[in-house]
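Written out below as structure tokens is the structure these notes cover.
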Amino acid sequence: MATKKSPRRPARARVAILMGSASDAPTMQPASDALEALGVACDVRVISAHRTPERHTRYVRGAEKKGIEVFICGAGFAAHLAGVTAALTPLPVLGVPLDSSALKGLDSLLATVQMPGGIPVATFGIGKAGAKNAGLFAGAILARSDARVRRALNTYRKRQTAAVPQRP
């Protein structure tokens with residue numbers, strides 16, 4: 001008689017990836033890809049600081065109790081998502097400016113990096129490269145107290161190095 005395997009429970013999300021609009025998902029995908037490569041579960045949400053402020057506040061204030069340890073926030077235009085998130089939580093907030101305006105993301109970069117003293121947001125590059133680096137940085141934060149994530153990050157970096165040819 002065959003035994004039924006019980007379905008595996010999904011890993012508890014440790015990183016929340018927030019974006020202001022569903023159209024931001026392709027740009028933010030490298031953040032979740034990087035975390036997946038490190039074996040870190042994430043919770044990806046569309047939450048706007050301007051259009052869904054109550055949803056945003058509820059989620060951020062309850063996230064730590066649910067196991068979230070780091071936030072990655074991607075937003076364009078005025079890019080208030082990371083700053084408002086940082087104002088609501090003592091957890092690390094990593095901001096990814098998105099290229100969604102006529103200014104090619106420069107407005108988002110300046111809004112994300114120019115936080116008032118006392119409300120820190122670590123700011124990354126504009127777009128997909130910034131999202132990837134934010135995912136890897138979130139992994140590095142977790143690696144400080146998690147040997148499994150530290151090993152995965154070291155392996156990731158070794159593979160990255162090995163993939164670079166010594167000659168063209």
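- For residues 82-100, no residue pair satisfies the salt bridge (Lys or Arg N to Asp or Glu O under 4.0 Å) rule, not counting sequence neighbours.
- Cys73 and Val93 make their closest contact through SG-CG1, 4.1 Å (heavy atoms, listed as atom of the first residue, atom of the second, distance).
- Atom-to-atom distance recorded for Leu110:CG and Leu103:CG is 9.0 Å, nearest 0.5 angstrom.
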Under 3.5 Å, which donor-acceptor pairs link side chains of residues 27-37 to any protein atom two or more places apart or in another chain?
{"residue": "Gln29", "atom": "NE2", "partner": "Ser32", "partner atom": "OG", "Å": "3.2"}
{"residue": "Gln29", "atom": "NE2", "partner": "Asp33", "partner atom": "OD1", "Å": "2.7"}
{"residue": "Ser32", "atom": "OG", "partner": "Gln29", "partner atom": "O", "Å": "3.0"}

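- Under the ring-ring contact (aromatic ring centres under 6.0 Å, His included) criterion, no residue pair touches residues 81-102, with sequence neighbours excluded.
- Considering only residues two or more places apart in sequence or on other chains, Asp24 meets the salt bridge (charged side-chain N to carboxylate O under 4.0 Å, His left out) condition with none of them.
- Partner of Val15 under the side-chain contact (heavy atoms from CB on, under 4.5 Å) criterion, out of Leu94, Leu142, Ile68: Leu142 alone.
- Once rounded to the nearest 0.5 Å, the distance linking CG of Leu18 with CD1 of Ile47 reads 5.0 Å.
- Here Ala25 pairs with Met19 under the side-chain contact (heavy atoms from CB on, under 4.5 Å) rule; sequence neighbours left out.
- Residues Val40 and Val149 form a side-chain contact, since some pair of their non-hydrogen atoms from C-beta on lies under 4.5 Å apart.
- Here CD1 of Ile141 is found 11.5 Å from CG of Leu136. Values are rounded to the nearest 0.5 Å.
- A salt bridge (Lys or Arg N to Asp or Glu O under 4.0 Å) check over residues 143-168, counting only residues at least two apart or in different chains, returns the pairs Arg14-Asp146.
- Under the ring-ring contact (aromatic ring centres under 6.0 Å, His included) criterion, no residue pair touches residues 26-45, with sequence neighbours excluded.
- Of all heavy-atom pairs spanning Val96 and Ala134, the tightest one is CG2-CB, 3.7 Å.
- In plain terms, the two heavy atoms of Ser48 and Gly20 that are nearest each other are CB-O, 3.6 Å.
- Within the structure, the ring-ring contact (aromatic ring centres under 6.0 Å, His included) test picks out the following pairs touching residues 53-98 (sequence neighbours left out): His50-His80.
- Under the side-chain hydrogen bond (donor to acceptor under 3.5 Å, both in side chains) criterion, Ser23 pairs with Ser21, sequence neighbours left out.
- Within the structure, the salt bridge (Lys or Arg N to Asp or Glu O under 4.0 Å) test picks out the following pairs touching residues 42-55 (sequence neighbours left out): Asp43-Arg45.
- Residue pairs that meet the ring-ring contact (aromatic ring centres under 6.0 Å, His included) test with at least one member in residues 138-167, sequence neighbours left out, do not exist here.
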Under 3.5 Å, which donor-acceptor pairs link side chains of residues 112-124 to any protein atom two or more places apart or in another chain?
{"residue": "Thr112", "atom": "OG1", "partner": "Ser108", "partner atom": "O", "Å": "2.8"}
{"residue": "Thr123", "atom": "OG1", "partner": "Thr112", "partner atom": "O", "Å": "3.3"}
{"residue": "Thr123", "atom": "OG1", "partner": "Val121", "partner atom": "O", "Å": "3.4"}

